Amino acid sequence: MSDKTLQSFNIYQFQEHLIDWFVDQQRDLPWRKNKDPYKVWVSEIMLQQTKVDTVIPYFHHFMKKFPTVHDLAMAEEQEVLKAWEGLGYYSRARNLHQAAKDVVEKYDGVIPSNPKELGALKGIGPYTKGAILSIAFMQEEPAVDGNVMRVLSRLLKIEDDIARPKTRKRFEQIVRDMISGANPSHFNQALMELGALICTPKSPTCLLCPVMEHCRAFHSGVEETLPIKSKAKKPKLETFVVLLIKDKDHTYMIEQRPTDGLLANLWQFPMVPLKEVGLENLELWFFTEYGFHISLQDQIGERRHVFTHLIWDLKIYEARVSGKMEGKKDFIFVESEALHTYPFPVSHKKIMEYIEQDD
DNA sequence: AAGACGGGGAG
DNA sequence: CTCCCAGTCTT
C-alpha cells in the first residue's frame, strides 16, 4: 500500500458492499450486454465528457453502421464524422477511426490487451486504457474518470484539487490498492455507477448509498463541499457573419473546415470574422478570400453558441452570388435537400432552420 | 501545468 | 438565462 490514505480503511468489506450494490442496481446499458472489446472501446470513447442518455442512440447507430473494427477501419472519415454529428469533441471520432485502421494493420484487427500497445492508440488515454483493460480483459487496472475522483474524494475525504493532473495520478494509485482481489470490471464500473446514480455532483443521496458506512465525508457531514475543484476561466466572445449564399439554382454555399483545430473537417456555411473585417468591407473581403463576388442582403437572425473555451455570436445574413465563380478556396454549392448528407456542427445545423423549405 | 476541444441538462 | 459536467492531445 503506497498511499497511507487507506490505512484503517476496510478495503475488502468496501469491495463487497460496492459490488453487491452494482450487480443488483446497475443500469441496463447497450454496451453492457457483452464484453466485446470493440464495443467497450467505442462506448468508452463516446462516454468521454458525454452523458449516458446522449450516447445511447449514437452507440446503437454506430454499431449498426460499423459492427466491427474492420468495418470502421474501411469507412471514409466523412462517414465516421457523420455518425458522430452532434456528439461533440470530433477529434474523438477522427482518433477512433485512425486507431481502428492501426488495429487492423498492426494487430490484424485484434484489439491489444496489454497496457502499452492499447495506450499507444490514438484517443486512448489513461482513463480509457484502464476502462478497456478492466471491463473487456478483466485486468486490475484503474479507470479514473470524474465520477471516480468525486466518489473517492468524498469516501476518503481527500481535499486535493481534482482539476490538477497530479491528483488523477494519486487516485490511480489508490484504485490500484483498492481493486486488488476484486472483479476488476465490476469494481471500476461500480465506482462510476455510484458516481452517476448516488454520489452525484450536487445533492448526493447518501442515505441510499451502499458504502455510506465507509464514507469519511459523510461521517463528517462535508460531502457537499467535496470534491475540491478550481474553476475554469471564462470563454471569450467571437462574432461572425454567417453567410447563407444562395445561387440561382436554389443551392447554398458550404465549405469544409480546416483539418486541424476547432470542429476540424466538419462543414459549415461561410463565416466572416466581423471584428477584423467589418460589415462595410465584407463583400470585398469575401472576393479576396473566395475569388468571386456576392451581394450581401438582409440579416435574418442571430444565434449564440457556447463552447467550453469560447462563445460564437453568429449574425446570419442572406447573400446572392453576383459574379463569376473561379474559386480560390475549397467550397461547393449544394442543394438545400442535400445539406443533411454532410457533417455539420450543431451551431450550423440550427442555422439550416433559416433556410426556407419552399425554394 | 495550462489551454484547446462540444454539447447538453438542471435549476 | 447561469452553472455544472470533464478525457485526451498539444504546447
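Quantities reported herein were computed from a predicted structural model and do not represent experimental measurements. Proteins get letters first, then strands, A, B, ... in listed order; numbering begins at 1 in each.
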> Among residues 129-141 of chain A, which contact DNA chain C at a heavy-atom distance under 4.0 Å?
Replying inline: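 Nothing qualifies; none.
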Do [X] and [Y] get their side chains close enough for a donor-acceptor pair, meaning under 3.5 Å?
| X | Y | value |
| --- | --- | --- |
| A/Thr251 | A/Lys246 | no |
| A/Glu255 | A/Tyr290 | yes |
| A/Asn265 | A/Thr259 | no |
| A/Thr50 | A/Arg92 | yes |
| A/Gln189 | A/Gln26 | no |
| A/Thr5 | A/Arg170 | yes |

> So among A/Gln48, A/Arg168, A/Glu44, A/Glu172, which one has a side-chain hydrogen bond (donor to acceptor under 3.5 Å, both in side chains) with A/Tyr127?
Replying inline: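 Of all the options given, the one that passes is A/Glu44.
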> Given that A/Arg164 and A/Tyr58 both sit by DNA chain B, which one's nearest nucleotide is further toward the 5' end?
Replying inline: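 Per heavy-atom nearest nucleotide, the more 5' residue is A/Arg164.
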>> Go nucleotide by nucleotide along DNA chain B from the 5' end; which of A/Lys350 and A/Lys236 gets its closest nucleotide reached first?
In response: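 First, find each residue's nearest nucleotide; the 5'-ward one identifies A/Lys236.
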Considering only [options], which nucleotide approaches the side chain of [X] most closely?
| X | options | result |
| --- | --- | --- |
| A/Thr128 | C/dA6, C/dC4, C/dG7 | C/dG7 |
| A/Lys122 | B/dG7, C/dT10, C/dA6 | C/dT10 |
| A/Lys229 | C/dA6, C/dC4, B/dG6 | C/dA6 |
| A/Tyr90 | C/dG7, B/dG7, C/dC5 | B/dG7 |

Can you check the distance between [N] and [M], where both ends of the measurement are the [atom1] atom (answer in whole Å)?
| N | M | atom1 | value |
| --- | --- | --- | --- |
| C/dG7 | B/dA10 | C1' | 22 Å |
| B/dC5 | C/dC5 | C1' | 15 Å |
| C/dT2 | B/dG6 | P | 23 Å |
| C/dT8 | B/dG9 | P | 23 Å |

How long is the line joining [atom1] of [X] and [atom2] of [N], in whole Å?
| X | N | atom1 | atom2 | answer |
| --- | --- | --- | --- | --- |
| A/Ile162 | C/dG7 | CD1 | C1' | 13 Å |
| A/Glu44 | C/dG7 | CD | P | 10 Å |
| A/Arg92 | B/dG6 | CZ | C1' | 8 Å |
| A/Leu262 | B/dA4 | CG | P | 11 Å |
| A/Lys233 | C/dC4 | NZ | P | 18 Å |
| A/Gln48 | B/dG7 | CD | C1' | 15 Å |
| A/Ile45 | C/dC9 | CD1 | C1' | 12 Å |
| A/Leu87 | B/dG6 | CG | C1' | 9 Å |

>> Quiz question: going by heavy-atom distance under 3.5 Å, is there a donor-acceptor pair between the base of B/dG6 and the side chain of A/Gln49?
In response: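 Side chain to base: no pair below 3.5 Å.
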>> I'd like to check the side-chain contact (heavy atoms from CB on, under 4.5 Å) partners of A/Gln98; sequence neighbours left out, ordered by chain and number.
In response: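 With neighbours one apart ignored, the set is A/Lys101, A/Asp102, A/Lys122.
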> Distance check: side-chain N/O of A/Arg94 vs OP1/OP2 of C/dC9, anything under 4.0 Å?
Replying inline: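 For A/Arg94, the contact criterion (side-chain N or O under 4.0 Å from OP1 or OP2 of C/dC9) is not met.
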> With a 4.0 Å cut-off on heavy atoms, is A/Tyr89 in touch with a base, just the backbone sugar-phosphate, or nothing at all?
Replying inline: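 The answer is base, as A/Tyr89 lies within the cut-off (heavy atoms under 4.0 Å) of a base atom.
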>> Once you apply a heavy-atom cut-off of 4.0 Å, does A/Asn147 come out as touching a base, just sugar-phosphate, or nothing?
In response: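 Touches sugar-phosphate only.
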> So A/Phe307 and A/Trp312, would you call those rings parallel, tilted or perpendicular, with 30° and 60° as cut-offs?
Replying inline: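 Ring orientation, 0 to 90° scale: perpendicular.
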>> Please list, in numerical order, the residues of residues 300-312 of chain A that have a heavy atom closer than 4.0 Å to any atom of DNA chain B.
In response: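 Within this stretch, A/His305, A/Val306, A/Phe307, A/Thr308, A/His309 sit under 4.0 Å of the strand.
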>> Closer than 4.0 angstrom, basic N to acidic O: yes or no for A/Glu193 and A/Arg27?
In response: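 Result for this pair is yes, salt bridge flagged.
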>> Are A/Pro343 and A/Gln78 packed together at the side-chain level, in the sense that at least one heavy-atom pair is separated by less than 4.5 angstrom?
In response: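 Result yes, sub-4.5 Å side-chain heavy-atom pair found.
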